[in-house]
Amino acid sequence: FEIIIFNKEEQEEENMATSKEFRVVGKDMVDYICDYVDTIEQRPPLAQVEPGYLQKLIPHEAPQKAESWEEIKKDIERVIMPGVTHWHSPHFHAYFPTGNSFPSILGDMLSDAISCIGFSWIASPACTELETVVMDWLGKMIKLPESFLAGEKGLGGGVIQGSASESTVVALLAAKMRVIRRHQETNPNLDQFDILPKLVAYTSDQSHSSVERASLIASVRMRQLATDDKHSLRGDTLLEAMKQDRARGLIPTFVSHTPLHSPLPFHCCRLTAPSCKDEDIWLHVDAAYAGSAFICPEYRSLLNGVEFASSFNFNPHKFMRVNFDLSAMWVKDKRDIVGAFHVDPVYLQHEHQGLVEDYRHWQIPLGRRFRSLKLWFVLRMFGVEKLQEHIRHQVKLAREFKALVMSDSRFTVEAEVILGLVCFRLKGTNQRNKDLLDRINKTGKIHMIGTQLKGRYILRFAVCAATTESRHVMYAWQVIKHCANDLLSDVDEFKEASLTNGENGTAEACISPD
Ligand code: PLP
């Protein structure tokens, strides 16, 4: 017994020494983070390194003896930062935004300290219960129909997944099992592997690639349907495809068709949702980026039709100040999702089973982090109003950029600008636009990406960092114009246009000299 006491004190002393050190280096890290955030604008937004750069900077073996924090800290700037693409630079305009905020970082710090693996209620009741409550808060913020909420004892409910892609896979797997079970009810001799080859999922030719990947992962054949001139999948196109497939003995199972380039076709959730309801098909609405905007009443109508969906998700880690990874997913009938992945080994069982959520049944991995903490902190430390302000500000900046593009007759805007993304291109060939993007990124001043929209190569300008202001939008436009001037300097029609647009080829003068 005495020996145990002796060891306990020694252990406590050692623990205190460790936490004493953490109090110092932890605060030092917080200072580094604040300095990084405050000066991020001075760094090139896109990493300026070649593949394999890092291997040359660090040893080939892990250290045998502990190294000091001072030594490690020096390597943040020497080894890591040169290879970082700074997604939170106000000069970063690629992809979509990814959330970041101090309240969210605080939540993650606490989650890392608690470091529980919340696969079941008993594995950490707070981890499960906070998730259920904040997912209902979030659902109410975007006016999701009540049937999606957990409420007191509803069939619906929300779960935090790591990504929108994961949510789509989970929805497709649940839809697949729902259809297989229904067929087995009417025909008990059918094996699920007899039914599986007949299942068909539908998406559109403009959908995000995550839907196609979900079909590969779930082994469900997928048809890519054509969209209309507004990049929307229309209800009649979907109905016709389902009719054809039924005639071939196939079983329509699942629909998900959120486009990548514009949140506009969210209207098409309204176009296809009633057909999915009539045909009793699982519609999964993936509003990865656009979903956060639905906390603003003026954008909520984009989600009309969701009442007919079986599942819905969006990424607060994109547009709502929550750090990656936090994808919010809701289902109308949790029995579909829980039933699809149900295995129940003795070592994971507990006495309250069946009365409480065990979120391991709602997801692919067993383990799960305490992610609801960062969402809870964000919602409380900003409040809904500040989050709405953030969304409106980002949208306003995108409209400013759109106006700049439209003021220059050499460019066209290629899709309606509804939220924070502007799709545009230089008049002329795809190659000309690829060359323009290449020049823009080579300046190291801003970072953008391009993509194909119905065979046309376009440039995407997204308002990303929360610190982006009008001056950054103007700066980006000056960089783009300057690169376009260079590129078009020997194309006669554009020389003329650039004069009409007030261009004199000295756009560099408008760009700060850094
Ligand atoms: N779905 C849509 C509509 C998206 O726009 C994106 C990314 O931008 C994704 C899915 C992929 O998101 P995640 O990285 O969360 O899987």
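Position 1 is the first residue of the sequence; numbering continues from there. Read the numbers this way: they start at 1 and go in the same order the structure lists the ligands and their atoms.
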Can you see whether T227 engages K454 through a side-chain donor-acceptor pair at a distance of less than 3.5 angstrom? yes
For a side-chain hydrogen bond (donor to acceptor under 3.5 Å, both in side chains) with Q363, tell me which candidate from R368, E166, Q161 qualifies. R368
Do K434 and Y457 meet the cation-pi criteria used here (NZ or CZ under 6.0 Å from the six-membered ring centre, within 45° of the axis)? yes
From H208, R213, H257 - option closest to atom 4 (C) of ligand 1 by heavy atom: H208
Could you tell me, atom by atom, which parts of ligand 1 come under 4.0 Å of a heavy atom of D286? 1 (N), 2 (C), 3 (C), 10 (C)
Of the side chain and backbone of D325, name the one, both, or neither that has a heavy atom under 4.0 Å from an atom of ligand 1. neither
Please determine if R460 forms a cation-pi arrangement with F96, meaning its NZ or CZ atom is less than 6.0 Å from the six-membered ring centre and no more than 45° off the ring axis. yes
Check the surroundings of atom CZ in R246: do more than 12 heavy atoms from other residues, nucleotides or ligands lie under 6.0 Å from it? yes
Examine ligand 1 and decide if any of its atoms is less than 4.0 Å from a heavy atom belonging to S327. no
Ligand 1 to S165 polar contact by distance, N or O atoms, under 3.5 Å: yes
Do any nitrogen or oxygen atoms of F324 lie less than 3.5 angstrom from nitrogen or oxygen atoms of ligand 1? no
Per-atom contacts of ligand 1 with S210, taking only distances under 4.0 Å to non-hydrogen atoms: 1 (N), 10 (C)
Calculate, to the nearest 0.5 Å, the distance between atoms CG and OG belonging to L110 and S115 respectively. 10.5 Å
Need the ligand 1 atom indices (1-based, order shown) with element for anything under 4.0 Å from a heavy-atom of H317. 15 (O)
Find out whether the Lys NZ or Arg CZ of R360 is both under 6.0 angstrom from the six-membered ring centre of W362 and within 45° of the ring's axis. no
Test your reading of the structure: does E166 have an N or O sitting under 3.5 Å from an N or O of ligand 1? no
Heavy-atom contacts with F96 under 4.0 Å: which atoms of ligand 1 show up? List them by number with element. 5 (O), 8 (O)
